[in-house]
2 protein chains.
Amino acid sequence: MAVRHRRQAPTQADIARAAGVSQGAVSAVIGGRSAEQRIPRETAQRIMDAARELGYVANTAARSLKGKRNRLLGVHTFESVFPISQRDFYHEFLIGIEEQAVAVGYDLVLFTSTEDPTGQRRVYRDGANRLNVADGSVLLGIGSNNSDLARLAADGYPFVHVGRRDVPDTEIAWVGADYSSATAELVGRLTTLGHRQVSYVGYAERYEASRDREAGYRSGCASNGITPGVAYLEQDDVTAQWLDRSLATGVTAFLVERQEVAMRIAEYSAARGLSIPDDLSIALIGASGGSSASRRWSTLGIPRNQMGREAVRLLVDMLTAPDVPREFQILLPCTAPDDSTIAAAPPRR
Amino acid sequence: MAVRHRRQAPTQADIARAAGVSQGAVSAVIGGRSAEQRIPRETAQRIMDAARELGYVANTAARSLKGKRNRLLGVHTFESVFPISQRDFYHEFLIGIEEQAVAVGYDLVLFTSTEDPTGQRRVYRDGANRLNVADGSVLLGIGSNNSDLARLAADGYPFVHVGRRDVPDTEIAWVGADYSSATAELVGRLTTLGHRQVSYVGYAERYEASRDREAGYRSGCASNGITPGVAYLEQDDVTAQWLDRSLATGVTAFLVERQEVAMRIAEYSAARGLSIPDDLSIALIGASGGSSASRRWSTLGIPRNQMGREAVRLLVDMLTAPDVPREFQILLPCTAPDDSTIAAAPPRR
DNA sequence: CTGTAGTGCTAATACGTAATAGCGAAGATT
DNA sequence: AATCTTCGCTATTACGTATTAGCACTACAG
């Protein structure tokens with residue numbers, strides 16, 4: 001026996017014929033509108049029986065063609081990654097997205113086909129916007145392509161970006177994490193712990209998120225009477241000399257955006273007989289990649305799951321009630337770092 | 001400024017208007033049939049330009065209504081789980097599926113909407129078959145609903161099940177793991193290690209996979225001259241008494257389908273001063289749930305990633321060349337358990 | 001100047017469903 | 001008797017695409 005495909009499924013017209021009514025009547029009964037259409041119980045029953053008899057199943061394509069909606073939400077990541085890989089930074093977002101999709105009864109389209117030969121993921125490929133297969137989409141990615149976003153917005157395609165994103169001259173919907181407040185509060189906490197010099201060490205490349213953190217850092221410094229000290233460093237920029245200089249200026253705490261940088265600092269300070277967190281506090285305030293951590297760090301928690309959920313909620317709201325005024329930009333609070341690598345400042349010399 | 005959306009996606013009619021031709025001409029050009037329709041290069045170019053300009057993308061609903069494909073593959077899991085959760089048994093399958101989808105340029109539809117209020121996942125819900133939005137689907141699940149599968153097959157819907165699945169009177173396409181050979185080989189290996197009594201402890205509920213393992217066990221016993229000893233146990237059925245009785249009959253190795261059962265055995269045998277694997281060998285031959293293992297076990301490896309990939313490959317083959325005769329049932333080899341909890345049999349008393 | 005062959009399209013239709021407008025018959029009201 | 005309501009539906013249309021039939025025109029042969 002071979003696996004067979006392609007058989008004609010019964011349609012409402014078939015049922016109508018069997019029950020001796022019109023297709024419209026069948027649609028009304030199946031769609032639960034028999035009251036409005038004044039189909040009496042008896043006829044409705046006859047129709048239902050015929051439908052069951054023939055094994056009728058509504059054709060979703062026809063339904064969505066009529067209703068202009070597919071109940072499909074797209075998920076698009078700009079980074080060239082398998083979005084569902086758990087090693088991936090995005091995985092936890094995905095879970096939130098999926099949980100909410102289940103809750104609202106939408107299906108998800110994972111846009112995996114949008115990868116071009118160079119591994120780049122673009123929305124517009126061959127001039128076509130594949131996202132259109134979904135009613136709306138959730139977009140993820142640090143390196144989101146601004147021109148893609150602007151064009152999508154100009155096209156009126158409904159989407160929500162996960163992570164704050166500024167596109168000039170365009171207001172786009174996003175759900176972000178409130179790095180700014182969280183970082184400011186962290187500076188406050190360190191101050192309370194006696195730190196007087198807190199250094200911020202950021203990505204060399206400045207994304208929205210890192211700018212938010214720096215802004216929070218600066219405002220935290222300001223409101224706590226601390227002089228800010230900002231450096232933008234790649235991993236290899238972190239040298240023993242740099243650390244010595246920092247320590248010489250009295251820095252006792254570092255806010256670091258990259259785990260690699262934190263590891264370097266830990267390494268060099270260990271060589272100098274400094275222990276963490278007793279002599280030096282370090283907090284990770286960037287996005288921690290995977291769980292490949294060689295040690296626990298005090299880390300600013302990104303509410304990834306919730307961000308995913310909120311993005312879907314906002315998107316579905318936008319789809320179901322397009323004209324209701326609402327907040328298109330949502331900031332969710334981060335969770336504060338724990339005490340792993342944060343402690344009271346050492347006694348001053 | 002407000003976020004504007006819900007502009008109607010452009011249709012072929014819009015393009016036609018822009019290019020000054022008829023909708024049919026647009027369809028012909030977009031569908032690559034401009035030759036047959038005798039659309040000259042110049043006009044075709046004009047149409048393509050307009051399409052690009054407007055960001056046209058074919059409406060999936062209309063396309064499938066016409067019986068055409070959308071380059072969309074569905075993924076449906078019968079278990080009520082978030083399929084992308086990494087805690088999930090299915091996650092690794094998903095990754096394989098996604099990798100292959102990327103490779104062949106299809107997008108994936110995660111069917112999350114098919115969950116009914118009781119948490120059950122069914123294909124046919126509310127009298128509609130959501131799967132139809134995808135050209136074909138990959139189905140996952142130990143507890144796959146046979147009537148759903150039979151109906152899908154009867155409807156001629158193209159799908160591939162991940163995991164061997166027997167549906168009476170219907171041949172279903174699937175990609176499975178060759179538990180049977182692997183278990184038989186494992187019995188052989190244990191025999192070589194000197195074990196003379198190897199016990200099989202299976203799920204109380206018998207799925208295809210567990211039946212395969214038992215069959216392999218029995219054939220392995222037969223070809224190695226061992227008397228089989230089979231038990232179907234839930235976690236709580238594993239008592240100290242049961243273990244004592246087993247050991248009394250001379251059992252020195254257990255093939256266990258559930259990690260929980262293995263843990264019980266380990267616990268009770270430790271209480272009797274038996275160490276694993278020196279006094280007792282244990283191999284896990286079932287599907288290990290997550291990575292919540294309290295210890296490493298010698299485990300039969302399921303080629304999950306490859307199964308996912310193969311399922312997609314088979315499905316796409318079925319879609320692109322429906323009438324080519326081919327294997328619809330694919331068995332992939334398992335990887336043998338390592339030596340964590342398997343060792344030579346203790347000297348006989 | 002008619003007939004024929006191509007060229008470049010357009011017009012029309014089908015797919016299955018949902019929604020809206022409305023029709024004929026029966027009964028109720030004036 | 002004439003009008004109005006209500007009932008129980010049907011007929012029609014729209015959604016966007018693919019496909020088929022065929023029309024209007026030109027070029028050329030005879």
Side-chain angles (χ1 to χ4, degrees), chain A residues 6-47 50-51 54-72 128 132-133 135, chain B residues 6-47 50-51 54-72 126-130 132-133 135 155-156:
Chain A
R6 281 296 90 181
R7 194 206 58 174
Q8 258 332 350
T11 71
Q12 292 186 348
D14 297 326
I15 299 175
R17 226 165 295 131
V21 294
S22 72
Q23 175 266 326
V26 175
S27 172
V29 171
I30 300 271
R33 304 186 326 281
S34 39
E36 300 93 285
Q37 293 283 85
R38 301 182 297 205
I39 312 286
R41 289 206 180 290
E42 192 182 276
T43 309
Q45 192 55 53
R46 205 153 27 97
I47 292 173
L54 297 178
Y56 171 79
V57 163
N59 180 320
T60 27
R63 270 206 178 148
S64 25
L65 182 56
K66 189 82 213 1
K68 315 179 80 86
R69 284 266 160 44
N70 285 325
R71 291 195 82 79
L72 244 35
N132 267 333
V133 311
D135 298 340
Chain B
R6 226 18 17 207
R7 155 241 47 163
Q8 289 290 16
T11 71
Q12 292 188 348
D14 296 325
I15 299 174
R17 226 165 297 132
V21 295
S22 72
Q23 175 267 326
V26 176
S27 173
V29 170
I30 301 268
R33 305 186 326 282
S34 40
E36 300 94 281
Q37 293 283 85
R38 302 181 299 206
I39 312 285
R41 285 204 184 292
E42 192 184 277
T43 309
Q45 194 54 54
R46 208 154 23 99
I47 292 173
L54 298 178
Y56 171 80
V57 133
N59 177 309
T60 45
R63 239 162 169 280
S64 21
L65 189 54
K66 278 303 267 182
K68 289 298 169 172
R69 311 246 116 113
N70 281 311
R71 291 196 86 76
L72 243 32
D126 303 332
N129 167 8
R130 264 308 246 155
N132 273 330
V133 312
D135 300 344
D155 284 354

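So that the names make sense, note that chain A is the first sequence line, chain B the second, and so on, each numbered from 1. All values below were derived from every heavy atom in this structure, side-chain atoms included, with hydrogens, water molecules and symmetry-related copies excluded.
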By nearest-nucleotide position on DNA chain C, the 5'-leaning member of B/Ala62 and B/Gly20 is B/Gly20

Starting at the 5' end of DNA chain C, which residue's closest nucleotide do you reach first, B/Glu36 or B/Lys66?
-> B/Glu36

Residue pairs passing the salt bridge (Lys or Arg N to Asp or Glu O under 4.0 Å) test where at least one lies in residues 19-33 of chain B, sequence neighbours excluded | none

Just grab all the salt bridge (Lys or Arg N to Asp or Glu O under 4.0 Å) pairs involving residues 56-66 of chain B, residues at least two apart or on different chains.
-> none

5' to 3' on DNA chain C, which nucleotides open and close the contacts with chain B (atom under 4.0 Å from a heavy atom)?
-> C/dT7 to C/dG16

Taking any atom under 4.0 angstrom from a heavy atom of chain B, which nucleotides of DNA chain D are the first and last to qualify, 5' to 3'?
-> D/dG16 to D/dG22

Hey, does [X] reach any base, or is it just sugar-phosphate, or nothing, if we go heavy atoms under 4.0 Å?
X       : result
A/Ala61 : nothing
A/Ser64 : nothing
B/Ser27 : base
B/Val21 : sugar-phosphate

The reported gap from OG in B/Ser64 to CG in A/Asn59 (rounded to nearest 0.5 angstrom) is 7.5 Å

Quiz: residues 9-29 of chain A side-chain donor-acceptor pairs under 3.5 angstrom, not counting sequence neighbours:
unit_1, atom_1, unit_2, atom_2, d
A/Thr11, OG1, A/Ala13, N, 3.1
A/Thr11, OG1, A/Asp14, N, 3.4
A/Gln12, OE1, A/Gln23, NE2, 2.9
A/Gln12, NE2, A/Tyr56, OH, 3.3
A/Asp14, OD1, A/Arg17, NH1, 3.2
A/Asp14, OD2, A/Thr11, N, 2.8
A/Ser22, OG, A/Ala25, N, 3.4

First encountered from the 5' end of DNA chain D, between B/Ala28 and B/Leu65 = B/Leu65

Nearest-nucleotide 5' precedence on DNA chain D, A/Arg38 against A/Gly24 = A/Arg38

Review item, side-chain donor-acceptor pairs of residues 34-45 of chain B, under 3.5 Å, at least two apart:
unit_1, atom_1, unit_2, atom_2, d
B/Gln45, NE2, B/Asp49, OD1, 3.1

Side chain to side chain contact (heavy atoms under 4.5 Å, CB included) filter on B/Asp135, not counting sequence neighbours, yields B/Arg69, B/Asn70, B/Tyr106, B/Leu319

B/Asn129: side chain to side chain contact (heavy atoms under 4.5 Å, CB included) partners, not counting sequence neighbours | A/Val57, B/Val123, B/Tyr124, B/Leu131, B/Asn132, B/Leu152

Hey, what bend do you get for the helix from C/dC1-D/dG30 to C/dT30-D/dA1 if you fit axes on five pairs at each end, rounded to 10°?
-> 80°

